[in-house]
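Inspection log for the structure reproduced underneath, given as structure tokens.
Starting from 1, each residue takes its place in the sequence as its number.
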Amino acid sequence: MGRISKLNHYIAVSPIGKYFKLDGSSSSLSREGTKFTTEVRAGIATFITMAYIISVNAAIITDSGGSCKCTSTTNKLCIGDDAYERCLRVIKHDLIISTALISCIATAIMGLFSNLPIALAPGMGLNAYFTYTVVGYHGNGKISYQAALSAVFLEGILFIILSIFGMRQYLARIIPMSIKTATGTGIGLFLTFIGLQKSAGIGLITYDPSTLVTLGGCPQSEIDETGRCLNHHMESATTWLGILGFIIISLLTLYRIKGSILIGIILISVISWFRNTAFTYFPNTIVGDNRYEFFKRVANFHILDNNLAVMNFDFSTGEVWVALLTFLYVDILDTTGTLYTIAKFGGFMDYETGDFEGSTAAFICDAFSISISALFGISPITACIESSVGITEGGRTGITALVISFCFGMSVFFAPIFASIPPWATGPALIVIGSVMSRSIKNINWDYIGDSIPAFLTIALMPLTYNIAYGLIAGIGSYIIINTTVVLVNKLTKGYIQPSKKSFKDDWPIKFLDHDPQHSANLFPIWLIRLCKFLFNRNNHKHDVVNITSPEMRINEVNTDITTV
């Protein structure tokens, strides 16, 4: 037995291994094939893939102006104002630290209490909505930065309440199976779309005023202010370096080399850190010089001075309530869709209950982290689909999440290093993971239009609207309209007019709303079921046996024979 095997065995038989249900532990629900070293590798791979969030999120929220005040009477946006620009640089450094800290705290909470390999970090779609729609560029919107943070804080409180009473899980369980299946493929295409763009990928796709998107890959000097590629398509050295990274990761994955994604990202990043090359991340420009100066600091800690607990609970304007409601429904659909997709991808789903192990804890951890993010001056936290990278590397327990959390914690002190991973190094990983996640498309029910069209809309609109929630809204909305019409026509014609291939239709997703006590038990969280049984069934609970098959209940499940005299 080698040193690594001994270490894995030692951790597995320890209380840590039992708590996280490692393979070989004394837990009756140990997860087959899980090893400590595999979990560590998976956590590092996930962190490296999502490390770009540290700098990208800080850059996006900095565009809101943060707590900086524009005092100019002639230049409302304070573009080019020296004092305002200096304040923004300080704010950006604050936000880099805040992003790393909140991701560290939130992911640790998720790993400890849900035992799932899921990372939490600021949502890339929600931060753009927070900055450019709610607060506005340089604070030019109808809501101040401080008021927007208060809306995020309140959203987290409401989410905690909904999660405790199982309402978020309930909303997820009534989603049709065809939509749930399509969500994985849609998110896979969404990840691929991100990985192909320039902001967080290899730059193979760029903006076009006529067709919206087109083939890019041109040098930075040939890109105008709108992001359009003017000339020299497919001549960008960084694009070709990203393609090389994609090939390396693909081949390593094909031959099942452990840590293939991590190897590809690190290799491309190190190559990109050399200056005076066509593919450097530090070109001889003002932006490149600033990046390099920040990179050379290596270890740096910036005390939060401007965005810690700056909320302003002023709900007197209607725009704040609109923002709050928007955050609510987008987060419900976005986070719920992401969590269930990751759970299915990782093999945590229980198809009898339509739920996954640790779902209640996962939703509460997510909701609690949203309120914490507001305290750090950050837009809402959400479950990151990049967690699928760690699952691909073999991560199956909360240890993966704790490793991710540790890396985020270290990045607080080594922010210059982690913030300097170029997008063309992480983009290839997103493309490979997107292709892996898209394989669920074969399980969609294509034989019945009432299932296939909503599923197709879900898949198509996630990448095309750049938002997971909008794809789910389109899919669920079309499903309700189409299938409700079928029911009405069937009632009005007394079954004379029937749609084509109706016999191929998936089962109605809310069958657990029947009076079957087993289905009713699966609908609510464990604590609420036990409380109701204690309050309303104390006199005859010995005569009523309810078989609860929720995956969360199986931990304490004991097979007993109850007889009455």
Side-chain angles (χ1 to χ4, degrees), residues 168-193 329-330 332-356 359 385 388 434-465 467-514 516 519 522-523:
R168 291 179 74 182
Q169 298 89 311
Y170 166 78
L171 292 173
R173 294 177 197 181
I174 65 174
I175 297 176
M177 184 56 65
S178 59
I179 304 298
K180 289 182 180 179
T181 306
T183 300
T185 300
I187 292 178
L189 291 179
F190 182 48
L191 282 178
T192 301
F193 191 45
Y329 86 80
V330 171
I332 284 178
L333 296 178
D334 196 341
T335 304
T336 301
T338 301
L339 280 175
Y340 273 80
T341 298
I342 294 174
K344 183 178 180 181
F345 185 64
F348 306 119
M349 286 293 296
D350 187 314
Y351 292 96
E352 294 181 2
T353 63
D355 205 354
F356 61 91
S359 63
I385 196 60
S388 55
S435 68
V436 173
M437 296 189 67
S438 297
R439 65 188 178 187
S440 62
I441 194 172
K442 65 182 180 181
N443 298 320
I444 295 175
N445 179 26
W446 297 107
D447 295 320
Y448 179 65
I449 292 294
D451 291 327
S452 62
I453 288 181
F456 176 76
L457 288 176
T458 301
I459 294 172
L461 289 181
M462 281 186 182
L464 294 181
T465 61
N467 194 295
I468 295 173
Y470 293 159
L472 285 170
I473 291 172
I476 295 172
S478 60
Y479 184 92
I480 293 174
I481 293 173
I482 293 173
N483 289 284
T484 300
T485 302
V486 170
V487 172
L488 292 176
V489 171
N490 181 65
K491 293 291 184 181
L492 293 175
T493 63
K494 296 183 179 180
Y496 181 76
I497 299 178
Q498 294 289 338
S500 175
K501 297 184 178 181
K502 183 183 178 182
S503 60
F504 291 93
K505 182 183 183 301
D506 280 340
D507 291 334
W508 188 254
I510 55 173
K511 61 182 181 179
F512 51 79
L513 291 179
D514 297 336
D516 185 348
H519 292 155
N522 291 332
L523 183 60

Between atom [atom1] of [X] and atom [atom2] of [Y], what is the distance when rounded to the nearest 0.5 Å?
X: I444; Y: I179; atom1: CD1; atom2: CD1; result: 8.5 Å
X: M437; Y: T183; atom1: CE; atom2: OG1; result: 9.5 Å
X: N483; Y: L488; atom1: CG; atom2: CG; result: 11.0 Å
X: I441; Y: W446; atom1: CD1; atom2: CH2; result: 5.0 Å

> Taking all non-hydrogen atoms of both residues, which atom of G186 and which atom of P463 are closest, and how far apart?
Replying inline: O-CD, 4.1 Å
>> Between S440 and T185, do the side chains contain a donor N or O and an acceptor N or O under 3.5 Å apart?
In response: yes
> Can you list the residues that meet the side-chain contact (heavy atoms from CB on, under 4.5 Å) rule with T493, with sequence neighbours excluded?
Replying inline: V489, Y496, I497
>> I'd like to check the side-chain contact (heavy atoms from CB on, under 4.5 Å) partners of N490; sequence neighbours left out, ordered by chain and number.
In response: Q498, K502
> With distance as the sole test, does S478 use its side chain to make a donor-acceptor pair with the main-chain N or O of G475 at under 3.5 Å?
Replying inline: yes
>> I'd like to check L189 versus S438 (side-chain heavy atoms, cut-off strictly below 4.5 Å). Are they in contact?
In response: yes
> Mind checking whether S178 and Y448 have side chains closer than 4.5 Å, heavy atoms only?
Replying inline: no
Side-chain donor-acceptor distances from residues 454-461 under 3.5 Å, at least two apart:
residue	atom	partner	partner atom	Å
T458	OG1	P454	O	2.8

